[in-house]
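Chain A is the first sequence line, chain B the second, and so forth, proteins listed ahead of strands; every chain is numbered from 1. Note that the structure is a prediction, hence the values are computed from the model and not measured.
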Amino acid sequence: MTPVVTAPRPGHCPWPFQPPAAPLLMLLPALVLLPLAALLPGLVHGGGWELIGQFAAAALTPSLDPVLLGAAFTGLGVTVGIALLGWALSLALGLVGGVLSSRTIWRTLLAEAWPAELIRRFLAVPRSIHELLWGLLFLQLVGLQPAVAVLAIAIPYAALVARVVGDLLDALPTAPLDALRNAGAGAPGALLTALGPALLPGAFSYGGYRLECALRSATLLGVFGLGGLGTELRLTLQSLQFHELWTGLWLLLAVMLLLEGSLRLLRRRWGMPGRFGLDARGVGRSGRELLLALLALLPVLVLVARALGVNPASLLVWQALPPFLPNWPVVLALPWGSMVGTTVLLTLLAAALAVGGAPLLLLFVAPWPWGRLLLQGLWALGRLWPPPLTALLLLFVLKPGLVTAALALAFHNLGVLGRLLLEAADSAAEGPAAGGAELALRCAGCGPRLALLYGRFSGLARSYLAYGAYRADVILRETVVVGLVGAAGLGTLLLEALSSFAVDQLLALVAVYAALTLVGEDLSDRARRRLLAS
Amino acid sequence: MSSLFRRPLLRLRERSTAVLAGLALALFPAVLPPSQPGAAPLIPGAEAQQKLLRISAIPDQKPETLNRLYPLLANELSRSLGVPVKYVPVTDYTAAVSAFRRGDLDLVWFGALTGVQARLQKPGAKVIAQRDIDGSFHSLFIANTVSGLKPIRNQKGLSELKGKRFTFGSESSTSGRLMPQYFLGQAGVTLQDFAGGAPGFSSSHDATIALVQSGAYQAGVVNEEVWQSSLLSGKTDPRKVIVIWRTPGYPNYHWLAQPDLDQRFGKGFTAKLQGSFLNLRANNPKQADILELFGAKRFIPAPVAQYDAIEKVGREIGKIR
């Protein structure tokens, strides 16, 4: 909750001799707009402007046909249910995994930290595979059932939660723990007393954000036929029934905003840090209330699982993968180099657009009161639309390829980043110091844009960029998703391999993806550490 | 002082609001109507459904068309076979093949390619019947009139499509991808030759027509039967989208059944099932509706050997491994 405010650095030297000031650093990625602006005219074919117009116009007149509404509500229920179950399962598993991958815990219990390292390495593998790939894999193994989507979300999410919880645990001060141990307390009891309460605010806040992510993931899984509203969104888009499409989109938007709003309220109420300040120390409030809410959640989860027809036992009945003769020469002959290159380029382009775009847009609309609302609306839509749907929509007017895919990915992640930036900026404005800086700049005659940039963003820049590095890692994982609509990268190959039942190619592709995301994760970690350290 | 007395009450109220909020949020999906069987895109679990015949079809057309047709057929089959029959919709071609392999579906209306894929994955599966038009099926290359593409005289003319924005149907569609790609290849057109370096995959024939008509793609390829019904229903505007070439004939759609139906439903069930299809007649009003929605005069036996050619093309193009 406590915003970190760095004072503007004294003594500005001319630019070549010192890196640009932190708030400018934030805008640096947006430079990618220049080459993009040069490329874009060549990519527009404009054949489907009429369709885009119809799509936009249909937003005002969604279909209210009762049958359709019923189907949309059912689909929405399935999507929300899958998200909730997947999220809860991932939190439970992730907490256990997080404790197991904490160096502090192992050191206290065994006086050795190597099991933590080992478990961390091991957990990197499930994390490196996108939930959609997990879903498609389980689909082949156990057939189409709601439990598949739940598990597909739970596995990579649990590994992510484990990592964050492990990091949070290891970042906690060990003085209370040492004191308890020295006073003769047993290891488990001392750990629980010293680390438990201190861990909760960060872990719960992060858990809340994961629920938002889970809703987005469940929608996306639906787009690829794994149940829920996503399926209807894709079918209506592909058959160009925009009025029906908007019915689903508006419903989803309402649920998403409701969820985000409630979680924000709860975070404030319970005194939990925002997404950028997870490492910030602090204790939560209203612990009993929180506990009650958690207890209330349990029967609800059981009810939801019942309503969805999730049957964990059915996950145990595995069917063999389609029979195949591994044909490795063919696998090796796939255009790996160009595909990996495209995927990396796609990631960089999308990440730069999203990370640089959010502050740029905020600055751009700073002078106008309605501009902010407009942006919030746009970003909500960006978060809401699964990137493959955006890509399909963009293909109406743009040629397929890298840029189109990057735009779709960037739009989605811009929505996520923009909201978090705005949230952090708002809570920074509540702090006495930060609001003062902006106000002081305004009083000194600065325009609203400059005042916002130097007064408010300067304190956020590093943590924002650090989160941006993490987001780039997420985008790398997500490239598979736009590839699946034939836009670009390894995903396109994956789709062909799936529909050809070429298991050898499929396995090779997943392995390459996993390797790529592991490298990406490492690079993004390094970038983040550097950003947060300096 | 008064604040001191009010605080516990206030805290209690705050607490209960938060709990209520959490509850309401979490309960939301539970209060929604439970998914209706049949309408929901989820296939019932892996439990062996002994006496229920589950039929399905590759989703090659608009879901509305399929949802009108297959429940009608399920009723008719249920009447003639004396067992409950249920239509289970699937979301894409690959899912239909996978579900057939796992035994989640008993009888599926496959295209030639997906049928071959399914038989390779489920040895012993039985080809039941095809329509009168399926022995020699045709695809149509269509173009938006603004694209400047004109009807072409022979197959070599397909090279006109180089550099155009082009869309197939589903990746695994026989008439919307496999055979067209084969004919394009014979004319020297590869997938990289299209604008943007890759073709689109619209997912269904209806979507292809809509996308080409809108101008989002300059050209595409569809199943002749879907094109004609779209033209008849007035959905397609002949001023905006025209046919530029009709492919030679090839075998396509057929019904494929699980190998173990006789064990599950009794001896001779597979033969009885085949009979039900072959005996559909246009002079029976109910059966006439079904035949009309299928775009067929009648169903006929399907010789398995005719799909050898499809399998060969499938292997050449890499859709069969």
Enquirer: Check step by step if side-chain contact (heavy atoms from CB on, under 4.5 Å) holds for S175(B) and H205(B).
Expert: CA-CA 9 Å; S175(B) 54; H205(B) 299 289; 3.3 Å; yes

Enquirer: Against V304(A), only a single residue in L297(A), L85(A), V150(A) fulfils side chain to side chain contact (heavy atoms under 4.5 Å, CB included); can you say which?
Expert: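 For V304(A), the side chain to side chain contact (heavy atoms under 4.5 Å, CB included) test succeeds with only one of L297(A), L85(A), V150(A), which is L85(A).
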
Enquirer: Taking D193(B) for the side chain and K162(B) for the main chain, is one N or O donor matched with an acceptor at less than 3.5 Å?
Expert: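 No, the answer is negative, given that no donor and acceptor are paired below the 3.5 Å cut-off.
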
Enquirer: So what's closer than 4.5 Å to chain A heavy atoms on R315(B): side chain, backbone, both or neither?
Expert: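 Neither part; nothing is under 4.5 Å.
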
Enquirer: Taking the six-membered ring for Trp, is the centroid-to-centroid distance between F110(B) and F100(B) below 6.0 Å?
Expert: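 Between F110(B) and F100(B), the centre distance is under 6.0 Å.
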
Enquirer: S98(B), A207(B), S147(B), G318(B): which one forms the most heavy-atom pairs within less than 4.5 Å of chain A?
Expert: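 Going by pairs under 4.5 Å, I would pick S98(B).
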
Enquirer: Is Q241(A) in contact with chain B via its backbone, its side chain, both, or neither, using a 4.5 Å heavy-atom distance?
Expert: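 Interface part for Q241(A): side chain.
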
Enquirer: If I measure from the heavy atoms of chain A, does F194(B) come under 4.5 Å with its side chain, its backbone, both, or neither?
Expert: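 For F194(B), no heavy atom lies under 4.5 Å from chain A.
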
Enquirer: Between the side chains of T114(B) and S172(B), does any donor sit under 3.5 Å from an acceptor?
Expert: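 No, S172(B) and T114(B) have no side-chain donor paired with an acceptor closer than 3.5 Å.
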
Enquirer: Side chain, backbone, both or neither: which part of S202(B) has an atom under 4.5 Å from a heavy atom of chain A?
Expert: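 Backbone of S202(B) only, per the 4.5 Å heavy-atom cut-off to chain A.
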
